[in-house]
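I have placed the structure first, in the form of structure tokens, so that the comments after it can refer back to it.
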Amino acid sequence: MTKQLFNFPSLETLSIAAADRLVSLANESIKARGVFRIALAGGSTPRHLYEIISSGTYRTQTDWSAWAVYFGDERIVPLTDNRSNYAMAEESLLTHVPISKGNIHPAPVSLGGGRSVAEEYECIIRDTTRSQSQVPQFDLILLGLGSDGHTASLFPGKPALQETQRLVVESTPGALPPPVDRVTFTLPLLNAARQIFFLATGRDKADAFRAAYEGVPLGDVEQVPAHLVHPDDGDVAWFVTKELAAEV
Ligand code: 6PG
């Protein structure tokens, strides 16, 4: 694994740099394997990145028909709810680009219970990536960071973080809002990726970033979820704003 740190003066410059790398990676993946499998992140930080790649010249720089889109975590609310990660991605990205509906794979939240949603989402991921016996390798997984060190919906001290077999599991809410049940990619699936991008901004995440990047405890939390993301055969790139990078 290689780990790179890129730091920027603002969310705008961070998002443009991430957009450049994302589109290059998409095109390399399509050239090499005919498909670009990406798992999107939720939260608010990636919204601007999604807006950038789906507008202006970026929109014309990739073959959207070769994209296959998934979600690294999802809140169990209707896909039209404003707390839904899918809803945010749909509004800022998916409605603006010609990705066919059949290549967009949201978590099946209408099943209701976290366990059923997680099990069915794992089946969808295995079927659509044709990975029945091995762990599928995403070309890119986008992730965020919480001030408690969580990433995707892997929260400190919760069972989802310990999962070693399943690819997607249910996850009860952490300390940060919104307080809704979720499903999340597990560490085995995250750590099979070819490339991870973490996007993080905001002074309130400075301690979490240091803990995630350097592997030091965060208060009394020894196992910082974001620090446990280190793909076996993949790379990690951190895109952060300057108030975070000053911490390492
Ligand atoms: C979610 C997430 C979560 C998010 C971080 C950062 O569903 O809440 O996917 O892991 O990425 O909490 O969120 P912000 O970008 O809003 O700070």
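Below, all heavy atoms of this structure are taken into account, side chains as well, without hydrogens, waters or symmetry copies. We count ligands from 1, going down the list as the structure has it; atoms in each ligand are counted the same way.
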Between Tyr70 and Phe185, is the ring pair (Phe, Tyr, Trp, His ring centres under 6.0 Å) condition met? List the steps. CA-CA 10 Å; Tyr70 301 78; Phe185 281 19; 7.5 Å; no
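Put simply, the residue from Tyr213, Trp238, Phe209 that forms a ring-ring contact (aromatic ring centres under 6.0 Å, His included) with Phe198 is Trp238.
Using bins of under 30°, 30° to 60° and over 60° for the plane-to-plane angle, the ring pair Trp64/Trp67 lands in the tilted bin.
Arg59 contributes a side-chain N or O that, together with a main-chain N or O of His96, makes up a donor-acceptor pair within less than 3.5 Å.
Counting heavy atoms only, Asp73 comes closest to atom 2 (C) of ligand 1 of the residues Thr184, Asp73, Thr45. In this structure, of Arg47, Arg182, Arg83, His150, the residue bringing a heavy atom nearest to atom 5 (C) of ligand 1 is His150.
Leu145 O, 3.5 Å is the protein heavy atom nearest to atom 6 (C) of ligand 1. The protein heavy-atom contact nearest to atom 17 (O) of ligand 1 is Lys205 NZ, 2.6 Å. Scanning the protein heavy atoms around atom 13 (O) of ligand 1, the nearest turns out to be Gly43 CA, 3.7 Å. What sits closest to atom 8 (O) of ligand 1 on the protein, heavy atoms only, is Arg75 NH2, 2.7 Å.
For ligand 1 and Asn85, the ligand atoms under 4.0 Å from any heavy atom of the residue are 1 (C), 7 (O), 9 (O).
Within the 4.0 Å heavy-atom criterion, neither part of Glu74 lies near ligand 1. When heavy-atom distances to ligand 1 are checked against a 4.0 Å cut-off, Leu199 has no atom that comes that close, whether in backbone or side chain. Contacts with ligand 1 closer than 4.0 Å are made by backbone heavy atoms (N, CA, C, O) of Ala152 only, the side chain lying farther away.
No more than 12 heavy atoms of other residues, nucleotides or ligands lie within 6.0 Å of CZ in Arg203, so this atom counts as exposed by the packing criterion.
A salt bridge links Glu91 and Arg47; the closest N-O separation between the charged side-chain nitrogens and carboxylate oxygens is under 4.0 Å. Comment: Arg37 does not engage Asp139 in a salt bridge, judged by the lack of any side-chain N to carboxylate O separation of less than 4.0 angstrom.
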